[in-house]
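To keep things clear, I will list the structure first and then write my remarks on it.
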Amino acid sequence: MSVTLDPARVLYQLRSLTTVDHLMLDAATRYISEGERSTLANQLSRAATHLATGIGSNRAVPSSLTATGTDCDELDLCAQPTAALVAAVFVRNTLHRWQWGDVLVDAECVVRELITAAVDAVTADGPGYPTRITVRLNAIASTRLRVEIRDCPDNAAAIAAAERLTTDRVEHLSARCGRHHAHGRTTLWAELTRPGDCRWI
């Protein structure tokens with residue numbers, strides 16, 4: 001039997017949780033098993049990450065501004081057409097090392113698309129000399145991978161001025177994606193979920 005949740009009631013319950021102190025938590029969970037305590041802690045942590053990063057909204061702030069996963073790696077590249085190929089190799093090697101082979105093909109495709117879009121923007125209206133872009137991979141949860149492409153001060157204006165950098169292909173492959181612009185800098189980002197993961201969290 002399915003249960004229909006009232007959003008207003010859920011919000012009330014979430015707000016109620018913020019008033020609970022450690023003593024009350026200890027009292028409430030005194031008689032549950034360690035396994036259930038661990039499960040509850042994990043679910044609450046995932047819910048907190050969901051709220052903090054705005055998962056479910058394509059306009060949300062990328063998670064890197066609020067949390068960093070246990071596996072994280074990045075690579076600086078010259079903003080030129082060959083960067084897409086080099087970035088794909090970096091993604092392949094990194095995800096093999098992390099044992100994230102089940103999202104490897106999608107992650108490579110997303111990186112190629114985002115890098116190509118960023119490089120095209122720089123080439124079309126760049127400073128006329130070589131500039132850098134950074135590829136960053138972050139396993140922000142056991143089932144969620146974030147891919148980021150970051151500008152550098154020398155090409156920030158060109159990338160910020162580009163109208164569409166997140167392609168239909170990236171939107172199709174990712175759980176959510178977008179562009180974050182702050183303090184004159186731009187980050188293109190996409191989050192991928194492992195097969196079987198619930199896309200709500």
- All side chain to side chain contact (heavy atoms under 4.5 Å, CB included) counterparts of Ala160, not counting sequence neighbours: His181, Thr186
- Go through the structure and list residues passing side chain to side chain contact (heavy atoms under 4.5 Å, CB included) with Thr131, not counting sequence neighbours. Ala79, Val122, Pro127, Tyr129, Cys152, Asp154, Asn155
- Task: With sequence neighbours left out, write down each residue that passes salt bridge (Lys or Arg N to Asp or Glu O under 4.0 Å) with Glu36, or none if nothing qualifies.
- Result: none
- Under 6.0 Å from the CD atom of Gln99, do we count more than 12 heavy atoms belonging to anything else shown? no
Mind checking the [atom1]-[atom2] spacing from [X] to [Y]? Nearest 0.5 Å is all I need.
| X | Y | atom1 | atom2 | value |
| --- | --- | --- | --- | --- |
| Asp120 | Ile159 | CG | CD1 | 11.0 Å |
| Arg144 | Asn138 | CZ | CG | 12.0 Å |
| Glu148 | Cys177 | CD | SG | 13.0 Å |
| Ile115 | Thr134 | CD1 | OG1 | 9.0 Å |

- Please say which of Ile133, Ile149, Leu114 ends up in a side chain to side chain contact (heavy atoms under 4.5 Å, CB included) with Val119. Ile133
Side-chain donor-acceptor pairs of residues 81-95 under 3.5 Å, sequence neighbours excluded:
from, atom 1, to, atom 2, distance (Å)
Thr82, OG1, Gln80, NE2, 3.1
Arg92, NE, Glu108, OE2, 2.9
Arg92, NH2, Glu108, OE1, 3.1
Asn93, ND2, Val89, O, 3.4
Thr94, OG1, Phe90, O, 2.7

- Query: Got a salt bridge between Asp102 and Arg194, using NZ or NE/NH1/NH2 to carboxylate O under 4.0 Å?
  - Reply: yes
- salt bridge (charged side-chain N to carboxylate O under 4.0 Å, His left out) test vs Glu74 passes for just one of Arg146, Arg136, Arg132, namely Arg136
- In terms of heavy-atom contacts, Ala158 and Ala121 come closest through CB-O, 3.9 Å
- Task: With the side chain counted from C-beta on, respond yes when Trp98 and Leu145 share a heavy-atom pair under 4.5 Å apart, and no when they do not.
- Result: yes
- Of all residues at least two apart in sequence or in a different chain, which pass the side chain to side chain donor-acceptor pair (under 3.5 Å) check with Arg185? Asp151
- Message: Quick test of your reading: applying side-chain hydrogen bond (donor to acceptor under 3.5 Å, both in side chains), list the pairs with at least one residue in residues 156-167, sequence neighbours left out, ordered by first then second residue.
- Response: Glu113-Thr167, Arg164-Asp168
